[in-house]
**Q** 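Input: one structure, supplied below.
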Amino acid sequence: MELLVVPQGEFKLSRYPKRKNELLRAWDAADEYLLNYLDQLNFDRQGLNVLIVNDGFGALTTALSTHIITHWTDSWLSQQGVKQNLPDNNLNNSTVTFKNSIETPQDDYDLVLIKLPKSHAHLEDQLVRIKPFLLDTTTVIAAAMVKSIHTSTLKLFEKYIGTTKTSLAKKKARLIFAKVDKNIPEIKSPYPRSYLLEGTDYKIINHANVFSRESLDIGTRLFIQHLPKSECYKKIIDLGCGNGIVGLIAAEKNPDAEIIFTDESYMAIQSAQENFVNAFTAQRKAQFIVNDCLTGFENESVDLVLNNPPFHQNNAVGDAVAWKMFKQSKKILKNSGELWVIGNRHLGYHITLKKIFSNCEMIASNKKFVILKSIKN
Ligand code: SAM
């Protein structure tokens with residue numbers, strides 16, 4: 001746990017989930033810049049109605065908790081991070097309103113603070129959706145590391161919010177100031193978008209922050225071509241499901257199996273649910289769970305886990321999430337249960353899987369990707 005020192009106070013902050021020997025901080029220089037900047041403004045120190053968008057692990061929410069805060073994010077991990085960091089600083093969770101990305105915050109906000117999300121589409125969706133609730137008097141400030149601010153980012157603010165300026169860079173971070181212009185016409189969000197899954201009649205719906213939202217990912221394409229079929233599979237998990245294509249094709253191949261879709265993104269789970277219900281109607285048994293990997297699943301309860309793991313998390317590159325997904329899969333698989341993984345060749349997942357399961361077979365491959373299978377025994 002590290003100490004964030006800003007004019008608002010000193011705050012002990014951790015990432016979520018907490019890990020032994022964590023090397024990454026729970027905030028960045030853009031959070032510090034924004035908090036320092038806010039302190040210099042002539043704002044009341046408490047009682048403002050503040051919307052905080054994409055606050056990673058709660059640095060902004062914790063430091064500004066004297067105000068009336070709405071925390072809006074697509075990430076379940078971020079929400080949990082805030083819910084952990086507030087009480088760690090003797091602050092009360094009940095003072096913050098948590099909204100996930102499927103809901104739209106609808107209040108008269110004095111201040112809207114936005115940490116830029118990773119994707120342009122996600123930012124566009126967020127700006128379009130909050131615009132109708134901004135007042136002439138609402139102050140809108142975004143913050144990010146310089147490398148994440150492009151001309152196209154500023155154009156989005158100009159297009160949807162109003163005249164946009166940026167600050168000087170400090171510690172490689174920058175602030176964006178957008179003046180609310182009520183003359184800019186409000187439009188409906190261009191998301192979710194959809195495409196027809198090649199070779200099928202499935203219309204695949206993708207909310208704005210979903211992996212490979214415009215077309216089928218080439219790794220996923222190889223994976224669905226080789227998904228297994230067996231009467232032994234009664235319970236199948238699509239782990240890190242994104243729009244749920246993998247679970248959808250697994251459901252088609254295994255008509256009697258129950259499919260459980262899980263992801264840490266609310267938009268992923270929403271997309272997976274819409275896609276599954278469109279394909280099979282609500283009669284087909286399935287579960288849709290927002291979660292960190294497989295935390296809380298019953299041990300030895302599942303026959304098959306299908307996984308296309310993430311290898312970037314909140315801009316931190318690493319295979320920690322994949323490791324966790326594989327280890328938890330082993331726990332929740334029944335004896336003889338199977339974990340099937342698709343990954344880029346260079347990620348070396350076969351080594352990790354062999355360490356965890358003591359076995360790993362290559363099912364298929366192409367120049368870029370491998371499909372690997374490990375059996376619990
Ligand atoms: N299965 C989909 C496909 O093949 O198109 C998406 C795969 S994408 C490479 C990885 C997914 O893992 C993303 O949807 C991401 O939101 C999800 N993810 C990342 N970290 C996670 C975590 N800690 N727990 C659950 N899901 C996570």
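Remember, it's 1-based here, ligands and their atoms both numbered in the order they're listed.
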**Q** Looking at Tyr16 versus Phe57, is the centre-to-centre ring distance below 6.0 Å?
**A**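 Not under 6.0 Å, so no.
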**Q** What salt bridge (charged side-chain N to carboxylate O under 4.0 Å, His left out) pairs are there with at least one residue in residues 143-172, not counting sequence neighbours?
**A**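 Pairs touching residues 143-172 that pass the test: Glu32-Lys171.
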**Q** Run down the list Ser75, Gly240, Cys241 and name the one with the heavy atom closest to atom 12 (O) of ligand 1.
**A** Gly240
**Q** For atom 25 (C) of ligand 1, state which one of Glu264, Gln328, Lys324 supplies the nearest heavy atom.
**A** Glu264
**Q** Consider every N or O of Leu239 and every N or O of ligand 1, then say whether any pair is closer than 3.5 Å.
**A**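 Leu239 vs ligand 1: no N/O contact under 3.5 Å.
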**Q** Please compare Pro310, Ser212, Gly242, Gly244 and report which has the shortest non-hydrogen distance to atom 19 (C) of ligand 1.
**A**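 Going through Pro310, Ser212, Gly242, Gly244 one by one, Pro310 has the nearest heavy atom to atom 19 (C) of ligand 1.
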**Q** Once you restrict to heavy atoms under 4.0 Å, what part of Cys293 touches ligand 1? Side chain, backbone, both or neither.
**A**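 Both of them.
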**Q** Is there a path of hydrophobic side-chain contacts, each under 4.5 Å between heavy atoms of I, L, V, M, F, W or Y residues, that connects Phe357 with Leu294?
**A** yes
**Q** For ligand 1, is any non-hydrogen atom under 4.0 Å from Asp217's backbone (N, CA, C, O), its side chain (CB onward), both, or neither?
**A** neither
**Q** Below 3.5 angstrom, do we get any N/O pair linking Asn308 and ligand 1?
**A** yes
**Q** Pairs of nitrogen or oxygen atoms closer than 3.5 Å, one from Ser265 and one from ligand 1: do any exist?
**A** no
**Q** If you group Ile, Leu, Val, Met, Phe, Trp and Tyr whenever their side-chain heavy atoms sit less than 4.5 Å apart, what else falls in with Phe133?
**A**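 In the cluster with Phe133 there is nothing else; it is isolated.
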**Q** Of all the heavy atoms in Asp263, does at least one lie under 4.0 Å from an atom in ligand 1?
**A** yes
**Q** With heavy-atom distances below 4.5 Å as the criterion, would you say the side chains of Lys373 and Pro228 are in contact?
**A** no
**Q** Which one of Lys330, Lys331, Lys376, Lys235 satisfies the salt bridge (charged side-chain N to carboxylate O under 4.0 Å, His left out) criterion with Glu300?
**A**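 Result: among Lys330, Lys331, Lys376, Lys235, Lys376 is the only option passing the salt bridge (charged side-chain N to carboxylate O under 4.0 Å, His left out) with Glu300.
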**Q** Using a 4.0 Å heavy-atom cut-off, say whether Pro309 meets ligand 1 through its side chain, its backbone, both or neither.
**A**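 Contact part for Pro309 vs ligand 1: backbone (N, CA, C, O).
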**Q** Tell me whether the centres of the aromatic rings in His71 and Phe98 are closer together than 6.0 Å.
**A**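 Between Phe98 and His71, which both carry aromatic rings, the centre distance is below 6.0 Å.
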**Q** Please identify which atoms of ligand 1 are closer than 4.0 Å to at least one heavy atom of Asn291.
**A**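 Ligand 1 atoms under the 4.0 Å threshold to Asn291: 24 (N), 25 (C).
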**Q** I'd like to know whether ligand 1 has Leu306 as a neighbour, heavy-atom separation below 4.0 Å.
**A** no
**Q** Can you list the atoms of ligand 1 that are under 4.0 Å from a heavy atom of Asp292?
**A** 22 (C), 23 (N), 24 (N)
**Q** What about the rings of Tyr33 and Tyr37, do their centers lie closer together than 6.0 Å?
**A**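 They do not qualify: ring centres at least 6.0 Å apart.
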**Q** Tell me, yes or no, whether the heavy-atom count around Lys324 atom NZ, taken from other residues, nucleotides or ligands under 6.0 Å, exceeds 12.
**A** yes
**Q** I want to confirm something. Looking only at heavy atoms, which of Val210, Thr220, Asp238 is nearest to atom 5 (O) of ligand 1?
**A**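 The nearest heavy atom belongs to Thr220.
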